[in-house]
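Read the structure below first, then the notes.
Computation of the quantities below employed the complete heavy-atom set of this structure, encompassing side-chain atoms and omitting hydrogens, waters and symmetry-equivalent molecules. Because the structure is a prediction, the values reported are computed rather than measured.
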Amino acid sequence: MSESNKAKLNERMEKIVSLCKRRGFIFQSSEIYGGINGFWDYGPLGAELKRNVKDFWWRCMTVYRDDVVGLDASIIMHPRTWEASGHTSTFSDPMVDCLLTRKRLRLDQIDPQTGTAYSYLGAVDRDLFFEFQEQNPGSKLIEAFELHSDDGILKPRPGTDTAQTVENLMSSLDLTCNTAYSVLIPDGERSDQARKIARKYYQLRGITRPLLIDEQTEHVENSTRYNPENGSLLTEPREFNLMFKTYVGPVESEDNIAYLRPETAQAIFAQFKTVLEVSRQKLPFGICQIGKAFRNEINPRNFTFRSREFEQMELEFFIKPDEIAAKSEADSNASPDTPQPNWGWKQWHEYWVEERIRWYESVGLTRDSLDVYWQPAEELAHYAQATVDILYKFPFGTQELEGIAARGNFDLTQHQEFSGKSMEYFDEEAKTRYVPHVIEPSAGVDRLILAIICQAYREEEIINEKGKKEIRNVMQFHPRIAPIKVAVFPLLKNRRELVMKAKEVRDLLRPYMQVFYDDAGAIGRRYRRQDEAGTPFCVTIDFETLGETPELLDTVTVRDRDTMKQDRIHTRELAEFLQKRFR
RNA sequence: GCGGGUGUAGCUUAGUGGUAAAGCUCCAGCCUUCCAAGCUGGCUACGAGGGUUCGAUUCCCUUCACCCGCUCCA
């Protein structure tokens with residue numbers, strides 16, 4: 001991507017963020033206190049938008065399907081849950097940084113190194129050292145060191161108090177660094193490599209031509225203190241725990257530590273048997289849930305995209321193991337995308353990928369704004385058989401909205417093991433017991449809202465009545481999820497009959513949809529305000545409505561956000577006319 | 001977490017070691033017979049905390065937030 005194109009996209013993102021704030025879609029959390037990194041609030045329009053999106057997902061799962069039921073579980077669960085799921089161990093990794101390249105590594109992924117460690121006490125600038133030597137001939141301080149000029153090493157002479165001597169030298173010269181550093185050189189490799197790396201290290205700390213101070217060597221075995229790539233010393237390991245910790249009960253003790261869930265999925269697994277029992281479902285079937293989740297992200301970025309508190313829409317769709325499913329018979333008359341009893345996990349996985357893409361289209365994300373990424377085998381998590389990411393092309397990059405993972409029976413098996421409770425399903429048809437497998441479409445609500453906002457944002461250049469160019473900002477939300485469905489205006493505010501009639505129309509529509517009444521300012525201004533809010537329809541009550549032309553009595557104009565064209569509709573048909581367009 | 005940048009009203013920008021300016025938005029009123037018209041009036045800001053100073057929005061330090069790059073992302 002070119003720099004200018006990148007700048008343009010960044011500018012677009014800034015405008016979107018600005019509009020979100022100006023119109024009340026998204027605010028920074030705790031703004032009056034200076035904000036808090038990784039947390040965001042939804043304003044009036046944002047709250048409606050988010051609610052519409054979640055409601056629609058929920059309806060698509062539980063109302064329009066027979067094979068999915070809902071769950072609304074608690075955020076805090078028994079801590080053992082997270083041991084079973086693997087989160088407490090894999091979510092807190094000790095991390096180290098390379099002192100030379102600043103690259104961050106996971107301690108557990110470092111291959112232990114064996115070789116010779118070369119340690120230095122610090123470095124001084126070569127030019128300054130010689131200058132000092134010239135200006136102070138015979139100085140005791142200089143005499144205390146032996147210069148190995150071939151290697152560029154200042155070695156304290158035997159018998160001197162090394163620490164004190166080095167400190168004295170440091171305080172006499174300007175360009176010094178007294179940070180100790182070491183490099184590990186594998187057995188059989190050249191030792192001058194260590195000095196080269198050490199010099200580079202001190203150069204990064206501002207010493208142009210470093211003379212290394214002291215050089216001690218030590219044989220080291222199976223150490224993870226050094227970067228395998230370059231031998232450089234690493235920082236002390238630091239814990240990166242992504243779980244939000246809290247205490248259950250008013251006393252803070254080790255015994256009552258609990259965690260805010262990092263995903264909603266585990267509650268579904270933990271309640272699998274109870275839901276199965278009460279819902280009278282048979283495999284294959286799914287349990288879905290919408291709810292908050294919390295992750296202590298190392299670095300929240302990109303507006304709401306990576307937040308520490310966020311919301312998920314997750315489905316765990318339980319299926320039969322392939323060998324059981326294969327015994328069932330398919331309906332030969334069914335169309336190819338209709339689920340069949342003999343489908344294996346691969347077919348179910350592909351089915352859900354396609355279902356989810358279609359769903360994104362139905363909320364206004366076009367197929368060409370999305371990307372689908374099949375994770376290659378080497379990237380897969382240990383539990384996953386296959387994972388597909390659905391990504392959206394955000395102005396700041398193409399990023400994940402949803403992951404659809406085929407997780408085998410990993411989760412249920414883990415919970416069975418950790419809880420000691422059976423997670424097996426008795427298959428009446430096959431007359432056998434087994435732990436079901438699962439396909440998990442897991443979507444981030446806040447990411448989706450951001451994608452929807454980015455997708456909807458339009459700047460239209462239009463020529464006004466005076467022939468002047470101006471920009472019309474319009475949020476082209478799919479009517480189905482638009483925060484306000486219809487705005488109702490009296491053409492003029494200072495005609496009582498128009499105002500009364502407009503309020504009547506508002507009340508007429510209110511039971512069916514989000515309505516917004518506005519009578520302030522010129523009619524054009526009111527239209528434009530609704531354009532920025534993404535309201536798909538504006539209804540205006542004018543003198544025809546009141547009967548100026550008898551045959552137009554009780555008709556209103558309905559203005560379309562995207563075309564700015566108007567239809568004249570009788571109030572009797574208005575609610576249905578509108579509803580048809582956003583159902 | 002590292003490096004770089006930014007922070008003045010709801011938004012976009014001026015500006016200054018000595019009373020902080022404008023445009024748009026917003027609110028009220030007038031006017032207005034369909035796309036940000038006009039007139040009158042009004043609200044609202046130097047991110048926070050220290051320091052230097054008679055006096056700091058301005059200079060210094062710390063901190064917070066945001067943006068960019070790296071890093072990280074079960």
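- Between A:A520 and A:R559, the residue whose closest nucleotide on RNA chain B is further toward the 5' end is A:A520.
- Here A:R472 lies out of heavy-atom contact (under 4.0 Å) with every strand.
- Of the P atoms belonging to B:rU8 and B:rC46, the separation is 10 Å, rounded to the nearest Å.
- Listed nucleotides: B:rG29, B:rC34, B:rG10. Nearest to the side chain of A:K21: B:rG10.
- A salt bridge does not link A:R447 with A:E402: every distance from a Lys NZ or Arg NE/NH1/NH2 to an Asp or Glu carboxylate oxygen is 4.0 Å or more.
- Of the nucleotides present, B:rC30 is the one that pairs with B:rG38 by Watson-Crick or G-U wobble criteria, both distances under 3.5 Å.
- Of the nucleotides present, B:rC54 is the one that pairs with B:rG18 by Watson-Crick or G-U wobble criteria, both distances under 3.5 Å.
- Going from the P atom of B:rA22 to that of B:rA14 covers 16 Å, rounded to whole Å.
- In this structure, the CZ atom of A:R306 is 13 Å from the P atom of B:rC70, given to the nearest Å.
- B:rC26 and B:rA21 are spaced 23 Å apart, taking the P atom of each and rounding to whole Å.
- Separating the CD atom of A:E532 from the C1' atom of B:rC24 is a distance of 11 Å, rounded to the nearest angstrom.
- When rounded to the nearest whole Å, the span between CZ of A:R526 and P of B:rC34 equals 12 Å.
- Between the base of B:rC35 and the side chain of A:R525 there is no donor-acceptor pair shorter than 3.5 Å.
- Nearest nucleotide to the A:R529 side chain, out of B:rC11, B:rC26, B:rU33: B:rC26.
- Only one option out of A:E309, A:E314, A:E263 pairs with A:K292 in a salt bridge (charged side-chain N to carboxylate O under 4.0 Å, His left out); it is A:E309.
- When heavy atoms are screened at a 4.0 angstrom cut-off, A:S18 is found touching the sugar-phosphate backbone but no base atom.
- For A:F537 and A:F477, the ring centers are positioned 6.0 Å apart or more.
- Counting to the nearest Å, the P atom of B:rC73 and the CG atom of A:N296 are 15 Å from each other.
- In this structure, A:D531 reaches neither bases nor backbone, as no heavy-atom distance under 4.0 Å exists between it and the strands shown.
- B:rG4 and B:rC73 have their P atoms separated by 25 Å, given to the nearest Å.
- For A:R572, the CZ atom counts as loosely surrounded, since its 6.0 Å shell holds 12 or fewer non-hydrogen atoms of other residues, nucleotides or ligands.
- Figure legend: cation-pi geometry between A:R526 and A:F489, with NZ or CZ positioned under 6.0 Å from the six-membered ring centre and within 45° of its axis.
- Residue contacts shown for A:E263 are absent, as no nucleic acid heavy atom lies under 4.0 Å away.
- Pair assignment for B:rC70 gives B:rG1, based on Watson-Crick or G-U wobble hydrogen-bonding distances that are each under 3.5 Å.
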Dump the pairs, protein N or O against N or O of nucleotides 61-68 of chain B, anything under 3.5 Å, distances to one decimal.
unit_1	atom_1	unit_2	atom_2	d
B:rC64	O2'	A:G34	O	3.4
B:rA65	OP1	A:N37	N	3.3
B:rA65	O4'	A:G34	O	3.1
B:rA65	O3'	A:Q28	NE2	2.9
B:rA65	O2'	A:Q28	NE2	2.7
B:rC66	OP1	A:N37	ND2	3.4
B:rC66	OP2	A:N37	ND2	2.1
B:rC67	OP1	A:F303	N	3.1
B:rC68	N4	A:R301	NH2	3.0

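- For the P atom pair drawn from B:rG3 and B:rC24, the interatomic distance equals 43 Å after rounding to whole Å.
- If you measure from atom CD of A:Q399 to atom P of B:rC73, you get 14 Å, rounded to the nearest angstrom.
- Per the geometry, CG belonging to A:D518 stands 14 Å off P belonging to B:rU25, to the nearest Å.
- Rounded to a whole Å, the CZ atom of A:R22 is 9 Å from the P atom of B:rC11.
- Comparing B:rC35, B:rU32, B:rC34 by their closest approach to the side chain of A:T557 singles out B:rC34.
- For A:K493, the side-chain atoms get nearest to B:rU32 when compared with the rest of B:rC11, B:rU32, B:rC34.
- Going from the C1' atom of B:rA37 to that of B:rG47 covers 38 Å, rounded to whole Å.
- Going from the C1' atom of B:rU57 to that of B:rG49 covers 15 Å, rounded to whole Å.
- By the side chain to side chain donor-acceptor pair (under 3.5 Å) test, A:Q312 pairs with no residue at all, sequence neighbours left out.
- As rounded to whole Å, 15 Å separates atom C1' of B:rU13 from atom CD of A:E11.
- Pairing of B:rG7, defined by two Watson-Crick or G-U wobble distances under 3.5 Å, is identified with B:rC64.
- Ring geometry for A:F318 versus A:F272: interplanar angle of 30 to 60°, hence tilted.
- A:E297 pairs by the salt bridge (Lys or Arg N to Asp or Glu O under 4.0 Å) definition with A:R306, not counting sequence neighbours.
- Ring-plane geometry between A:F39 and A:F244 is classed as perpendicular, the angle between the planes exceeding 60 degrees on a 0 to 90 degree scale with a lower cut at 30.
- Nucleotide B:rA45: unpaired (no Watson-Crick or G-U wobble partner with both distances less than 3.5 Å).
- Between A:H349 and A:W345, the angle of the ring planes lies from 30° to 60°, which puts this pair in the tilted group.
- Using P as the reference atom, B:rC66 and B:rC27 are 29 Å apart when rounded to the nearest Å.
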